[in-house]
Chemist: 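The structure's right below; bear with me while I get my questions together.
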Amino acid sequence: MAEATQGYLEITDEAGQKRQVPLTTGSGGRMILGRSPDVQVPLPSQTVSRQHAELFTDPFGRWWIKDLGSRNGTLVNGRKVEEHLLNPNDSIAIEQFVVVYRVTGQQAVRSRSGVGLRSGGSGATILSVSDAPMGKVTRLDQLESPKIDAIHLKQLTQLSSQLLATEPDDDRLNLLCGLMVDKTFHGTSAMAFRLDKRLAEPQPEMLCAPHSGTNWRKGEEPYISRTLLRGVRQNEAPVVASNVASGGQVMALSLAGNVREMAAVACPIGNTPEVLDVLYVTFPAEYGTGEWLALAALAAEQYQQANVAWVARRKAQEQAILEKELHRASQIQGGLIPKKINIPGLEVALGFEPCKWVGGDYVDIRQTEDGRIYMIICDVCGKGMQAAIVTASLHCMFHLSVTASVPLANLMERFNGYLETALPDESFVTAICVIYDPKTGRLELSNAGHPPAMIVSPDGKARDLGSGNNPPLGYIPVPFDMETHELKPGDMLGLFTDGLTESANEQDAMLGIAGVANMLERVYPGTTGKSIAAAATDLTNLLNQYEGKALRADDRTFMLVRRT
């Protein structure tokens, strides 16, 4: 399983108080949000359900949120969800609490080569900025209501359609800048850059090469005012300045003596807690008015809306692909479990329920040409994709060993030797392997650190066969002890993983070995004529009833075998 993405939850309560909760995989990659004081993320309010929602990681290390049947639901970005893949800065609403998913260490800084630019020491493309003094910049809301010409509205509408039809990020940025220098918009230059909010002085980093208009002077470089950058960074809103006064509405932009009369606008086109992306356009001085600031601001807004649409589209595509991959992985793993089992003299039923998509449990039964029957049940330490890959390897080894009629002692040695080299450090596999001779009823069994097998006799009493002294597989190179038992006519053999013994109810009480034994006694067909398949269904129902609304924390796998 991939390492979970590092991050934290930023939680704001009704009073506006904020706190941060680190995301941790210490609970198996699962964190519960609710009003109960013993959950990982308590949200103290009577309107919040005791266990309201669950955060968990998928096999690729991505965080998901799942509503746990809460009274009023869970919302992500204003939409009610049952299960949703989280993306950085997604906002989760749980009653009056706002929970924002933050990812640490994620600041994608792009650099692009451009015209008339110099390269910074870090390799990013850096713009030359003028420090010439200037007056206060002006925001759009400080100007008279602008009048927008119909031709400009038409072009803005066309821009919106083009942006929504253009997938590459750079191409959308070029469309925006290109419109600003169109002859009807009169821009002399247009560019986009990124400002790092953490720097004391704004130092723009180029996102696309400057676009020049028809009235651009040959050899002229874009003029960028540090004061205007300070203004857009401080206000985080569209601003304008000019070096020619315009009815007292637009403040003067002081320029160096060799710069012609001009105006400039700066409009935010992207904003995070760390950086501000800006559209920067220069105009002839007479266009330093509220109308042209409004046009640039509207174009910037169209660009931002298109970006939001493309991000949402990509997220939806990624989620669909991920869910398809996980579904396919689940199908592949499910294909390792035999569906139709027809062994004369035995009734067999299997139960296999991964906790999430794919799991680390494996169960199988095979008959050799000489009639002997091999059975295996095992549990890989851990869950998810990594554990599923190990179970697929065990499946191959088991089938090859059955085909070769490998003795049980050699079978355990093969498994152990392979897993010693294949498993990550501190990982292991618990398992029970059985060879049954239907002619005599003799069971040869080896238990490697697994919950004990059980036999339910015709009188309905269960007895466990003990866990033995063997360590788990893949732990240390040792010979494995074998046991011999007898499966008499009418006896039912039960093999199961700790997903049964560690099933917990709503009071967090585990079922335990004795609880499993009691359930096996209750579902034993006896002389009722009930099939072993029906007994397996009954066992699943009993387990579900015991767990109630409690969250399942592990895969649940079992095998029931009755000698007829």
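If you're wondering where the values come from, they're calculated on a predicted model, not measured in any experiment.
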Chemist: For the side chain of N518 and the backbone of A514, is there at least one donor-acceptor N/O pair under 3.5 Å apart?
Modeler: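 The answer is no, because no donor-acceptor pair under 3.5 Å joins these two groups.
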
Chemist: Are any of the side-chain nitrogens in E347 or R562 under 4.0 Å away from the carboxylate oxygens of its partner?
Modeler: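 Yes, charged N to carboxylate O under 4.0 Å.
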
Chemist: With side chain to side chain contact (heavy atoms under 4.5 Å, CB included) as the test, would you mind laying out the steps for V275 and E205 before giving the verdict?
Modeler: CA-CA 11 Å; V275 297; E205 177 195 334; over 6 Å; no

Chemist: Please confirm whether the backbone N or O of D481 pairs with a side-chain atom of S446, one donor and one acceptor, at under 3.5 Å?
Modeler: yes

Chemist: Can you list the steps and then say if D437 with K439 is a salt bridge (Lys or Arg N to Asp or Glu O under 4.0 Å)?
Modeler: CA-CA 5 Å; D437 187 346; K439 298 177 182 177; 5.8 Å; no

Chemist: Do other residues, nucleotides or ligands put more than 12 heavy atoms under 6.0 Å from E369 CD?
Modeler: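 No, because the 6.0 Å sphere around CD of E369 holds 12 heavy atoms or fewer from other groups.
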
Chemist: Between Y546 and S503, do the side chains contain an N or O donor and an N or O acceptor separated by less than 3.5 Å?
Modeler: no

Chemist: Is it the case that the side chain of Y374 and the backbone of V406 share a donor-acceptor pair, with hydrogens and angles ignored and the cut-off at 3.5 Å?
Modeler: yes

Chemist: First locate atom OG of S36, then atom NE2 of H52, and finally report the distance between them rounded to the nearest 0.5 Å.
Modeler: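 One finds 14.0 Å between OG of S36 and NE2 of H52.
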
Chemist: Please report the closest heavy-atom contact between D67 and G73, naming both atoms and the distance.
Modeler: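 Heavy-atom minimum between the residues: OD1-C, 3.5 Å.
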
Chemist: Does atom CZ of F97 have more than 12 heavy-atom neighbours from other groups under 6.0 Å away?
Modeler: yes

Chemist: Give a yes or no answer on whether the side chain of H395 reaches the backbone of A392 with a donor-acceptor pair at less than 3.5 Å.
Modeler: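 No, H395 side chain to A392 backbone: no donor-acceptor pair under 3.5 Å.
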
Chemist: With a 4.5 Å limit on heavy-atom distance, are the side chains of Y418 and L473 in contact?
Modeler: no

Chemist: Ignoring hydrogens and geometry, is there a side-chain-to-backbone donor-acceptor pair from R30 to E54 under 3.5 Å?
Modeler: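 Judged by distance alone, no pair lies under 3.5 Å.
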
Chemist: Can you confirm whether D459 sits close enough to S457 that some side-chain heavy atom of one is under 4.5 Å from a side-chain heavy atom of the other?
Modeler: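 Answer yes - side chains close enough.
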
Chemist: Test side chain to side chain contact (heavy atoms under 4.5 Å, CB included) on F480 and L408; report intermediate values, then the result.
Modeler: CA-CA 9 Å; F480 285 81; L408 186 57; over 6 Å; no

Chemist: State, yes or no, whether a side-chain contact exists between L43 and R35 at a heavy-atom distance under 4.5 Å.
Modeler: no

Chemist: Do L350 and I341 touch side chain to side chain, with heavy atoms closer than 4.5 Å?
Modeler: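 A side-chain contact under 4.5 Å exists here.
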
Chemist: Find the distance between CH2 (W310) and CD (E167) and round it off to the nearest 0.5 Å.
Modeler: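 Going from the CH2 atom of W310 to the CD atom of E167 covers 4.5 Å.
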
Chemist: Going by an N to O cut-off under 4.0 Å, is there a salt bridge joining R556 and E547?
Modeler: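 Between E547 and R556 there is a salt bridge, with a charged N closer than 4.0 Å to a carboxylate O.
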
Chemist: Please step through side chain to side chain contact (heavy atoms under 4.5 Å, CB included) for the pair L511 and L543, ending with a clear verdict.
Modeler: CA-CA 9 Å; L511 183 60; L543 290 167; 3.8 Å; yes

Chemist: How many angstroms lie between atom CG of D361 and atom CD1 of I377, to the nearest 0.5 angstrom?
Modeler: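 Taking CG in D361 and CD1 in I377, the distance rounds to 7.0 Å.
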
Chemist: Taking it one step at a time, do R563 and L346 satisfy side chain to side chain contact (heavy atoms under 4.5 Å, CB included)?
Modeler: CA-CA 5 Å; R563 183 180 178 187; L346 289 183; 4.2 Å; yes

Chemist: Are N77 and S91 close enough that some pair of their side-chain heavy atoms sits under 4.5 Å apart?
Modeler: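 They are in side-chain contact.
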
Chemist: Which heavy atom of D90 sits nearest a heavy atom of H84, and at what distance?
Modeler: OD2-NE2, 3.9 Å

Chemist: Would you mind checking if E274 and R198 are paired as a salt bridge, meaning a charged N to carboxylate O distance below 4.0 Å?
Modeler: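 E274 and R198: not salt-bridged.
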
Chemist: Once you round to the nearest 0.5 Å, how far does CD1 of I376 lie from CE of M397?
Modeler: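 The CD1 atom of I376 sits 9.0 Å away from the CE atom of M397.
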
Chemist: When you check the side-chain N and O atoms of T166 and D171, is any donor under 3.5 Å from an acceptor?
Modeler: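 Distance-only check fails for T166 and D171.
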
Chemist: What heavy-atom pair brings M31 and P22 nearest, and what distance separates the two atoms?
Modeler: CE-O, 3.6 Å

Chemist: Are any non-hydrogen side-chain atoms of N470 and M412 less than 4.5 angstrom apart?
Modeler: no

Chemist: Whether R372 and D370 form a salt bridge (side-chain N of Lys/Arg under 4.0 Å from carboxylate O of Asp/Glu) is what I want to check.
Modeler: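 A salt bridge is present here (some side-chain N lies under 4.0 Å from a carboxylate O).
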
Chemist: Do you know which two heavy atoms are closest between P525 and S531, and how far apart they sit?
Modeler: CG-O, 4.2 Å

Chemist: Please confirm whether the backbone N or O of E502 pairs with a side-chain atom of D498, one donor and one acceptor, at under 3.5 Å?
Modeler: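 Absent.
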
Chemist: For L560 and A535, work out which heavy atoms get closest and say how close.
Modeler: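 Looking at all heavy atoms of both residues, the closest pair is CD1-C, 4.1 Å.
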
Chemist: Go through the steps to decide whether E483 and N447 satisfy the test side-chain hydrogen bond (donor to acceptor under 3.5 Å, both in side chains), and finish with yes or no.
Modeler: CA-CA 9 Å; E483 304 172 14; N447 186 326; over 6 Å; no

Chemist: Apply salt bridge (Lys or Arg N to Asp or Glu O under 4.0 Å) to R172 and list each qualifying residue two or more places apart in sequence or on a separate chain.
Modeler: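 So R172 forms a salt bridge (Lys or Arg N to Asp or Glu O under 4.0 Å) with D169.
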
Chemist: Which is it for D379 and T497 under the side-chain hydrogen bond (donor to acceptor under 3.5 Å, both in side chains) test, yes or no, and what are the steps along the way?
Modeler: CA-CA 6 Å; D379 183 0; T497 62; 5.1 Å; no

Chemist: Among pairs that include at least one residue of residues 512-523, which meet salt bridge (Lys or Arg N to Asp or Glu O under 4.0 Å), considering only residues two or more places apart or in two chains?
Modeler: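 Of all non-adjacent pairs touching residues 512-523, none passes salt bridge (Lys or Arg N to Asp or Glu O under 4.0 Å).
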
Chemist: To the nearest 0.5 Å, tell me how far S405 OG sits from N410 CG.
Modeler: 12.0 Å

Chemist: Verify, without hydrogens or angle tests, whether H450 (side chain) and P472 (backbone) share a donor-acceptor contact under 3.5 angstrom.
Modeler: no

Chemist: What's the separation between atom CZ in F56 and atom CD1 in I65, rounded to the nearest 0.5 Å?
Modeler: 9.5 Å

Chemist: So with a 6.0 Å cut-off around CD of E14, is the heavy-atom count from everything else above 12?
Modeler: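 At most 12 heavy atoms, drawn from other residues, nucleotides or ligands, come within 6.0 Å of this atom.
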
Chemist: Does some side-chain heavy atom of P452 sit less than 4.5 Å from a side-chain heavy atom of I513?
Modeler: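 Yes, their side chains come closer than 4.5 Å.
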
Chemist: Does the side chain of L443 come within less than 4.5 Å of E486's, by heavy atoms?
Modeler: no

Chemist: Keeping the roles fixed (side chain from R366, backbone from V402), state whether a donor-acceptor pair exists under 3.5 Å.
Modeler: no

Chemist: Check A453 against I432 and note the closest heavy-atom contact, atom names and distance.
Modeler: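 Where A453 meets I432 most closely, the heavy atoms are N-CD1, 3.7 Å.
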
